[in-house]
Number of protein chains: 2
Amino acid sequence: MVVIELDDEQADLVFHALADRTRRDIVKRVLRQELSVSQLARGYDMSFAAVQKHVAVLERAALVVKRRRGREQIVHGDVDLIRRASRLLDEYEATWRRRADRIADLLADTSTTKNVTTPRREG
Amino acid sequence: MVVIELDDEQADLVFHALADRTRRDIVKRVLRQELSVSQLARGYDMSFAAVQKHVAVLERAALVVKRRRGREQIVHGDVDLIRRASRLLDEYEATWRRRADRIADLLADTSTTKNVTTPRREG
DNA sequence: CTAACGTACAACAAGATGGTTGTAATAGAG
DNA sequence: CTCTATTACAACCATCTTGTTGTACGTTAG
């Protein structure tokens with residue numbers, strides 16, 4: 001299974017879209033079952049237009065897809081971008097783990113003590 | 001290893017914090033190596049105060065932690081919240097997979113055809 | 001055809017966001 | 001002590017966000 005990394009642009013859109021609990025709830029619901037925008041809107045204490053906007057934000061991030069069925073727009077969740085976002089976070093974690101390994105190496109390896117006195121700094 | 005789920009409040013903060021590429025870059029850098037706020041600031045084409053605000057947003061989401069060293073504030077990344085956010089997305093994916101399984105069951109199981117004629121709708 | 005439903009979109013208001021500059025406090029260097 | 005580096009924070013501004021209401025448009029039901 002090939003998972004393509006998110007670029008900065010996509011990551012901006014995806015994480016922004018997920019940074020709202022109403023939108024996260026919409027994603028969860030439409031991942032479980034396809035729903036029209038009206039059906040979704042009935043589930044929240046806000047206007048239809050507001051829910052419509054939330055769906056639009058999710059659509060821009062490609063977290064959901066709309067498909068027309070008669071006069072309804074059926075919304076369903078697309079798991080691909082969610083998977084990519086998750087992998088991006090896993091990458092962060094991997095970076096951290098490499099650092100932990102590096103520190104462990106420094107602590108374990110007592111013979112090569114060069115470059116230990118002057119730890120390099122960024123900036 | 002016990003991973004506690006993010007509540008709505010935390011997820012709001014974490015995903016919002018990650019929805020900015022400068023902040024994602026800061027997270028990546030301080031996961032790899034601890035850096036003072038000044039050292040971080042030198043890496044971006046914006047004022048020190050702007051970077052300071054970004055760090056504050058990350059701190060509020062508990063994605064980074066600050067520790068004083070003399071007159072410097074050393075920033076380092078905390079992988080815990082990243083892990084939790086990743087797990088939350090994995091949960092979304094699992095929801096989707098359960099739905100896929102459910103559909104597969106419906107297609108495969110031709111004997112129990114009850115409740116198929118009236119698919120339940122939300123709303 | 002007509003009425004109702006579902007959707008799209010524009011305009012608006014309040015608040016949040018992301019940048020700026022300026023000022024002050026604090027700690028280390030000399 | 002004095003000077004400088006680092007940080008903290010307030011005030012300000014432009015833009016974005018997130019809700020609202022109102023209007024228009026296409027589709028289905030009767």
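A, B, ... follow the sequence lines: proteins, then strands. Residue 1 opens every chain. Predicted model only: the values in this text are computed from it and were never measured.
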I'd like to compare against my own output: the B/S/- annotation of nucleotides 11-18 of chain C with a strict under-4.0 Å heavy-atom distance to protein. B-----SS
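- Atom CD in A:Q39 sits about 9 Å away from atom P in C:dG6, given to the nearest Å.
- At least one side-chain nitrogen or oxygen of A:K66 sits closer than 4.0 Å to the OP1 or OP2 atom of C:dA8.
- Both A:R71 and A:A49 sit near DNA chain D, but only A:A49 has its closest nucleotide nearer the 5' end.
- Nucleic acid contact for B:T22: none, since no nucleic acid atom lies under 4.0 Å from a heavy atom of the residue.
- Ion pair B:E93/B:R97 flagged as a salt bridge, since at least one NZ, NE, NH1 or NH2 atom sits closer than 4.0 Å to an Asp/Glu carboxylate oxygen.
- Rounded to whole angstrom, the span from the CZ atom of B:R42 across to the P atom of D:dA5 amounts to 10 Å.
- By the 4.0 Å N-to-carboxylate-O rule, A:D8 lies close enough to B:R24 to be salt-bridged with it.
- At C:dG19, none of the side-chain N or O atoms of B:S47 fall inside 4.0 Å of OP1 or OP2 (strictly under the cut-off).
- Considering CG of A:D12 and CZ of B:R23, their distance stands at 9.5 Å, rounded to 0.5 Å.
- By the 4.0 Å N-to-carboxylate-O rule, B:E34 lies close enough to B:R67 to be salt-bridged with it.
- A:R68 places its CZ atom 12 Å from the C1' atom of D:dT28, with the value rounded to the nearest Å.
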Quick one, B:E5 with B:R87, criterion salt bridge (Lys or Arg N to Asp or Glu O under 4.0 Å). Give me CA distance, side-chain angles, the key distance, then yes/no. CA-CA 8 Å; B:E5 271 290 310; B:R87 295 301 170 90; over 6 Å; no
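- Atom CE of B:M46 is separated from atom P of C:dG19 by 5 Å (rounded to the nearest Å).
- In this structure, B:R67 places its CZ atom 17 Å from P of C:dA27, rounding to the nearest Å.
- Salt-bridge formation is detected for the pair A:D80/A:R84: a Lys NZ or Arg NE/NH1/NH2 atom is positioned less than 4.0 Å from an Asp or Glu carboxylate oxygen.
- Contact detail for A:G70 and A:R68: the closest heavy-atom pair is O-NH1, 3.1 Å.
- Position along DNA chain D of the nearest nucleotide to B:Q52 versus A:F48 favours B:Q52 as the more 5'-ward residue.
- In this entry the distance linking CZ of A:R69 with P of D:dT28 reads 11 Å, nearest Å.
- Between the P atom of C:dA8 and the CD atom of A:E59 lies a distance of 8 Å, rounded to the nearest Å.
- One atom, CG of B:L35, and another, C1' of D:dA5, lie 17 Å apart when rounded to the nearest Å.
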